[in-house]
Amino acid sequence: MRPFGERWRAPYACDPWASRGRLYPTAVSPTRSEFQRDRDRIIHSSAFRRLKHKTQVFVYHEGDHFRTRLTHTIEVSQIARALARSLGLDEDLAEALALSHDLGHTPFGHTGEDTLEECMAGFGGFDHNAQALRVVTRLERRYPDYDGLNLTWETLEGLVKHNGPLLDAEGQPTLRYAARGVPLAIMEYNAVQDLELATFAGGEAQAAAIADDIAYDAHDIDDGLRAGLFRIDDLREVPFLEEILAEIDARWPNLDLSRRIHELTRRVITRFVEDVVAEGDRRLSALSPQSAEEIRRADETMVCFSGEMSRSDAAIKRFLYAHMYRHPEVMRVRTQADEVLRDLFRRFKAEPELMPEEWQADLPREDEPRLARRVADYIAGMTDRYAILEHRRLFDVTPDLR
């Protein structure tokens, strides 16, 4: 009999009953597995609630129908669970990782991350993945005995390594961190609890990572069309999308635009998910892993697109980059958001007493790196709306961001 009615897991799935545990030991729950508890702790965190008013691409007041970080996160979670179930992985761990993957994002989308990275260039830099780790291990303060959410080793490992190993076999940073090194926040935590940075994460983290890509592609097409940044026929320059549009038009030649968009995004998600499941099955069958450790020690990702679908994914991202992310209207708002966050960083760093009292506690003014990190933590946790309100409080003129 499976505990708590749990679904079947393959031998290579992460097993909550064999978890490596938490940094601070806690009593076993009589009603939930360890990964279910992680999921619930994430959902009840302050950082998770703030995702509601953090930009995906469009600032929160530009329209109620555009994605925010929260709605994006929910969509990623749904896709991650579907992939995990199809591949015999632990659904609750995949869901926890999907729900937590954006907790370190700043206000104003990737603009905010770029701005804080430049502001923190002399103080260890800024990386949203490392910031998510700081959120769940330090910045959330809900429990009397420790800071952070005290998540399981498997969730922390997946949060840090969902995009692959951070170090190579010789202990050197992998390609994405070759220029600036692995973020300090990750290395500091790794010294306390070894997350095995030179290996892949478990299959559940890989499912959450590819689910993020799928959700991005589908909902940015949807949002871009509804915002009028490009027309549906413009998508025909991507062969993968042209094929789907041809299918829709052949079956429903007079379908109204709104339903046409919905059908397009639905089919994009379906094709991607089916491809990942097929490719995952192929790679898992070839490796025949009998434990989660064998997936971690593999030479390649197990849960990913096929070669053909990887090319389609890249083509969609190139289209969106040219037609959406670099659209003049989007770039204008990005420039204004950059101005808001730079102003806030400079002001709070010069006058930390302007931050709320809890953010000033135990902060030696002469420790510039620590002061800069505290300011970055404070700003990174802001919603779009709160960042604008803080700018209005401290400056005479605030960009409209419209």
Side-chain angles (χ1 to χ4, degrees), residues 10-15 18-23 35 80 83-84 87-90 93-94 96-98 100-101 104 117 124-134 136-137 151-213 276 279-307 309-311 313-314:
Y12 48 76
C14 290
D15 184 353
S19 169
R20 299 195 196 183
R22 305 174 189 275
L23 187 60
F35 300 152
L83 292 172
L87 294 170
L89 300 166
D90 187 275
L93 178 56
L97 289 163
S100 62
H101 82 283
E117 167 63 19
F126 182 88
D127 174 270
H128 81 265
N129 203 38
Q131 190 68 16
L133 181 67
R134 284 180 64 79
V136 301
T137 59
L151 303 176
T152 62
W153 183 92
E154 290 79 8
T155 298
L156 295 176
E157 178 226 20
L159 183 63
V160 168
K161 299 190 305 187
H162 62 270
N163 287 322
L166 277 61
L167 301 175
D168 62 22
E170 285 72 46
Q172 298 301 309
T174 50
L175 288 178
R176 63 197 175 102
Y177 288 126
R180 55 192 176 114
V182 177
L184 180 63
I186 294 176
M187 297 306 295
E188 286 180 341
Y189 187 83
N190 196 65
V192 176
Q193 188 178 29
D194 185 5
L195 298 177
E196 300 178 359
L197 302 181
T199 68
F200 286 95
E204 290 81 2
Q206 297 179 26
I210 201 70
D212 189 28
D213 274 337
V276 171
E279 182 66 12
D281 279 338
R282 186 187 70 77
R283 294 189 180 208
L284 289 165
S285 294
L287 182 66
S288 191
Q290 296 304 302
S291 69
E293 278 304 305
E294 291 184 50
I295 288 183
R296 293 188 177 100
R297 306 287 172 183
D299 294 330
E300 61 180 359
T301 305
M302 291 290 107
V303 186
C304 59
F305 293 131
S306 66
M309 197 60 80
S310 290
R311 290 186 286 275
D313 168 59

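As the structure is a prediction and not an experimental result, all values here were calculated from the model. Numbering starts at 1 and runs along the sequence shown.
Across all non-hydrogen atoms, the minimal contact from Ala98 to Ala80 is CB-CB, 4.0 Å. Across all non-hydrogen atoms, the minimal contact from Ala209 to Asn163 is CB-OD1, 4.1 Å. Of all heavy-atom pairs between Ala10 and Leu87, the closest is CB-O, 4.4 Å. Nearest approach of Arg20 to Trp153, heavy atoms of both residues: NH1-CZ2, 3.3 Å. Looking at every heavy atom in both residues, Cys14 comes nearest to Asp90 through O-CB, 3.5 Å. Across Leu97 and Thr155, no two heavy atoms sit closer than the pair CD2-O, 3.2 Å.
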Exercise. Show the numbers, then the answer: is there a side chain to side chain contact (heavy atoms under 4.5 Å, CB included) between Met187 and Leu197?
Key: CA-CA 9 Å; Met187 297 306 295; Leu197 302 181; 3.7 Å; yes
Quiz item: Between Tyr12 and Leu287, does a side chain to side chain contact (heavy atoms under 4.5 Å, CB included) hold up when you go through it step by step?
Solution: CA-CA 11 Å; Tyr12 48 76; Leu287 182 66; over 6 Å; no
Practice problem: Could you walk me through whether Arg282 and Glu300 pass salt bridge (Lys or Arg N to Asp or Glu O under 4.0 Å), step by step? | Solution: CA-CA 13 Å; Arg282 186 187 70 77; Glu300 61 180 359; 5.5 Å; no
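With rounding to the nearest 0.5 Å, the separation of CZ in Arg311 from CG in Asp313 is 11.5 Å. The distance from atom CD1 of Ile210 to atom NE2 of His162, rounded to the nearest 0.5 Å, is 11.0 Å. Note that CG of Asp15 and CG of Leu93 are 11.0 Å apart. Values are rounded to the nearest 0.5 Å. Leu159 CG to Glu154 CD: the interatomic distance, rounded to the nearest 0.5 Å, is 13.0 Å. In this structure, CD1 on Ile186 lies 4.5 Å from OH on Tyr177, to the nearest 0.5 angstrom. The distance from the CG atom of Leu89 to the CG atom of Leu83 is 9.0 Å, given to the nearest 0.5 Å.
Distance alone, capped at 3.5 Å, places no donor-acceptor pair between the Glu117 side chain and the Asp127 backbone. Using a distance-only test at 3.5 Å, with no hydrogens or angles considered, a donor-acceptor pair links the side chain of Thr174 to the main chain of Leu166. Side-chain N or O atoms of Lys161 include one that pairs as donor or acceptor with a backbone N or O of Glu196 at under 3.5 Å.
Side-chain polar atoms of Gln206 and Thr301 form no donor-acceptor pair below 3.5 angstrom.
At a threshold of 4.5 Å between non-hydrogen side-chain atoms, the residues Gln131 and Phe126 count as touching. Looking only at side-chain heavy atoms (C-beta outward), Phe200 and Ile295 stay at 4.5 Å or farther from each other. Contact of the Leu23 side chain with the Tyr189 side chain is registered, since non-hydrogen atoms from C-beta on lie closer than 4.5 Å. Looking only at side-chain heavy atoms (C-beta outward), Asn129 and His101 stay at 4.5 Å or farther from each other.
In summary, Glu157 and Arg296 engage in a salt bridge, as defined by a charged side-chain N under 4.0 Å from a carboxylate O.
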